[in-house]
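Below: one structure, written as structure tokens.
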Amino acid sequence: MEKKPFNKRRLKYGSLATVITVGFLAALVLVNVIVSLLLERFPLDIDLTPDKRFALTEDSAAYIRDLSRDVSITVLAAESRFSAAGSQGNEIGDLYKQAYEVLQNYERYSGGHIKVSFVDPVTNPTVTQAYPNESFTAGDMIVESDLRMKKVALNSLFSYSQSQYDGSVTYRSEAEQNLTYAIMYVTDENPVTVSVLTGFDTPDISAYLELLKANNYEVVEQDLLTGDVDQEAAFVILPQPSGDLSAEQVKKLEAYLDNDGNFGKGLVFVASQTSPVGPVLKSFLAEWGVSVGDGFLYETSDGNFLQNPFNMLNRIVDDTTVEAMGNASAAPLLAPYARPLELVFGPSASGDGTYASGNRTARILTESSDTAVVIPADYGEDFDPYAQPQQSYPTMVLTSRMKYEGMTPMTSYVVTISSPEMLSSTYMTYQMFSNSSLMAAVNERLAARKAQVTILPLNISVNSITITDAQVKTYMVILVILVPVATLAAGVIIWLRRRHL
């Protein structure tokens, strides 16, 4: 048989095609590896919901990316059950889905520093034995580093409220808020301590204390009757006692704020709605330039209150506080049933709107509108609020006491709050109000620490489509009859035309 001549052209182009194919496949594998590595460091996910409910907020994501300490998050539930709860197709399902996606995003954004695991406590009952002082239920989460641990209860991830007008229910996810704060808490090498002074019958400020804990302050209680004020606390909180303070207790407060001449301490005083300020406590506040008046503030302008004239809308007038709050300062601020505050000091020589005496300077942080009046606590039916003189009243005052050590300023603060209702859960947990952001800014000022990440609860709602019976019949005719018939007709026409080709 005659041999076929060797075809160099075929070999050349065949080899080139092989090389191109192999090179393309190698490049495809390389690109896939590079993209995978980049996605581990810089996660790419697309959240098509209008409120971006399944993505981390920018502040939270930035904090997680900068983590340098390892954190483990253990969810006390089987992953299949937890993720399955997110497929219910309603508000509750969205709450679980959002929490699940937040957990996944922590791993994606942390560069390997956060590990999330799901452990069913039913099949693995020993998972909680290392924490004998904590009680756990299914779905709770254990956030832990080599410094400390924090339990995040499942029920703290979600909240809801019902409208008193139409009975509608608003669901809120607080998953990212509480989990990010927990991560911050367990990785903070120097947590700030805040002391709550107890031993009295005082107003309820529990929502304020929860805000402090959520923002990684160590909140401790201290009985002012039996001991001195803890000098290690960055600032202390004194809800107004139903009775007066003793001279000895005031000396303890003064010694704490003086701090052996080093200053650098703070006191938050929350006035009571029901008790007058006793003479000893009144004298102490006067030294800090503030007097708490009798009665309540009442708003005479319809546009300056919510629901009733005692629920007054306030304005934030201190530029430093506004700057610290950022965009949150634009939200309404509520000061319900506020006592009128008066400034004892005279206007300062600087002409900047502050009031001064010696080395103490008082500045108004928040105030009512100029259409507010004072109503006595025991007013009767014949009392006409609209006949009273109208003016603006301070509702939160910051007084500073400063000295210089060389070129270094040293300052102690006293903050006077005229309304304990400002600190209630009703206004501290709603993102539509700026109460919590205001207090967060005040806290950071007193503690002299860098502002923390602020994450507000996320409203979760499912938009339902409502249609009439006539619309149901129309859609049924279109989808069940017209569309199938049109599809069948198109198929027959195509078949008839193509069978002769």
Problem - Phe269 vs Val290 side-chain heavy atoms within contact, under 4.5 Å - result: no

Exercise for the section: Would you check if the side chain of Gln222 reaches a backbone N or O of Asp230 as a donor-acceptor pair within less than 3.5 Å? Expected result: yes

Problem - Asn124 side chain to Val127 backbone, donor-acceptor under 3.5 Å - result: no

Handout entry: Set of residues satisfying side chain to side chain contact (heavy atoms under 4.5 Å, CB included) with respect to Glu323, sequence neighbours excluded
Key = none

Handout entry: Least distance between heavy atoms, Glu218 atom then Pro191 atom
Key = CG-CB, 3.9 Å

Exercise for the section: Could you grab the distance from atom CD1 of Ile142 to atom CD of Glu134, nearest 0.5 Å is fine? Expected result: 8.5 Å

Exercise for the section: Look only at the side chain of Ser272 and the backbone of Gln240, and say whether a donor-acceptor pair between them is shorter than 3.5 Å. Expected result: no

Completion exercise
Applying ring pair (Phe, Tyr, Trp, His ring centres under 6.0 Å) to Tyr427 and not counting sequence neighbours gives Phe433

Exercise for the section: Please work out which of the three classes, parallel, tilted or perpendicular, describes the rings of Tyr337 and Phe296, given edges at 30° and 60°. Expected result: perpendicular

Handout entry: Check: Asn314 side chain, Leu334 main-chain N or O, donor-acceptor pair, under 3.5 Å
Key = no

Practice task
Tell me, yes or no, whether the heavy-atom count around Asn259 atom CG, taken from other residues, nucleotides or ligands under 6.0 Å, exceeds 12.
Solution key: yes

Practice task
Could you check if a side-chain atom of Val219 sits within less than 4.5 angstrom of a side-chain atom of Tyr208, using non-hydrogen atoms only?
Solution key: no

Practice task
Spell out, as yes or no, whether a donor-acceptor pair under 3.5 Å connects the side chain of Asn311 to the backbone of Leu306.
Solution key: yes

Practice task
Could you check Val292 against Leu341 for side-chain contact (heavy atoms from CB on, under 4.5 Å), going step by step and ending with a plain yes or no?
Solution key: CA-CA 5 Å; Val292 180; Leu341 298 182; 3.8 Å; yes

Exercise for the section: Examine distances only and state if a side-chain atom of Glu342 and a backbone atom of Gly293 form a donor-acceptor pair shorter than 3.5 Å. Expected result: no

Handout entry: From Met410 atom CE to Asn262 atom CG, the distance as rounded to the nearest 0.5 Å
Key = 4.5 Å

Practice task
Would you give the length of the straight line joining atom CZ of Phe263 to atom OG1 of Thr411, rounded to the nearest 0.5 angstrom?
Solution key: 8.5 Å

Handout entry: Under 3.5 Å: donor-acceptor pair, side chain of Ser434, backbone of Ser329
Key = no

Practice task
Go through the steps to decide whether Thr187 and Tyr63 satisfy the test side-chain contact (heavy atoms from CB on, under 4.5 Å), and finish with yes or no.
Solution key: CA-CA 11 Å; Thr187 56; Tyr63 184 85; 3.2 Å; yes

Handout entry: side chain to side chain donor-acceptor pair (under 3.5 Å) involving Asp70 - partner list, sequence neighbours excluded
Key = His113

Problem - Flag if over 12 foreign heavy atoms under 6.0 Å of CG, Asn327 - result: no

Exercise for the section: Compare all side-chain heavy atoms of Lys252 with those of Tyr256 and state whether any distance is below 4.5 angstrom. Expected result: no

Handout entry: Interatomic distance, Met141 atom CE to Met149 atom CE [nearest 0.5 angstrom]
Key = 13.0 Å

Exercise for the section: Could you tell me whether the side chain of Thr399 and the main chain of Ala362 form a donor-acceptor pair under 3.5 Å? Expected result: no

Problem - Pairwise side-chain contact, Glu254 with Phe284, heavy-atom cut-off 4.5 Å (strictly under) - result: yes

Problem - Verdict with reasoning, Leu253 to Leu245, per side-chain contact (heavy atoms from CB on, under 4.5 Å) - result: CA-CA 11 Å; Leu253 294 178; Leu245 292 181; 3.9 Å; yes

Handout entry: N/O donor-acceptor pair under 3.5 Å between Ser145 side chain and Val186 backbone
Key = yes

Exercise for the section: Specify the closest pair of heavy atoms between Gly295 and Pro340, including all atoms of both residues, with the distance to one decimal. Expected result: O-CD, 3.5 Å

Exercise for the section: Tell me, with the steps shown, if Arg401 and Asp258 meet salt bridge (Lys or Arg N to Asp or Glu O under 4.0 Å). Expected result: CA-CA 9 Å; Arg401 181 187 179 197; Asp258 183 71; 3.7 Å; yes

Practice task
State the CG-OG distance between Leu297 and Ser392, to the nearest 0.5 angstrom.
Solution key: 9.0 Å

Handout entry: Straight-line distance of Leu267 CG to Ser195 OG, nearest 0.5 Å
Key = 10.5 Å

Exercise for the section: Give the C-alpha distance, both sets of side-chain angles, the deciding distance and a yes or no for side-chain contact (heavy atoms from CB on, under 4.5 Å) between Tyr185 and Lys213. Expected result: CA-CA 9 Å; Tyr185 172 75; Lys213 294 174 184 177; over 6 Å; no

Problem - Check: Ser412 side chain, Lys265 main-chain N or O, donor-acceptor pair, under 3.5 Å - result: yes

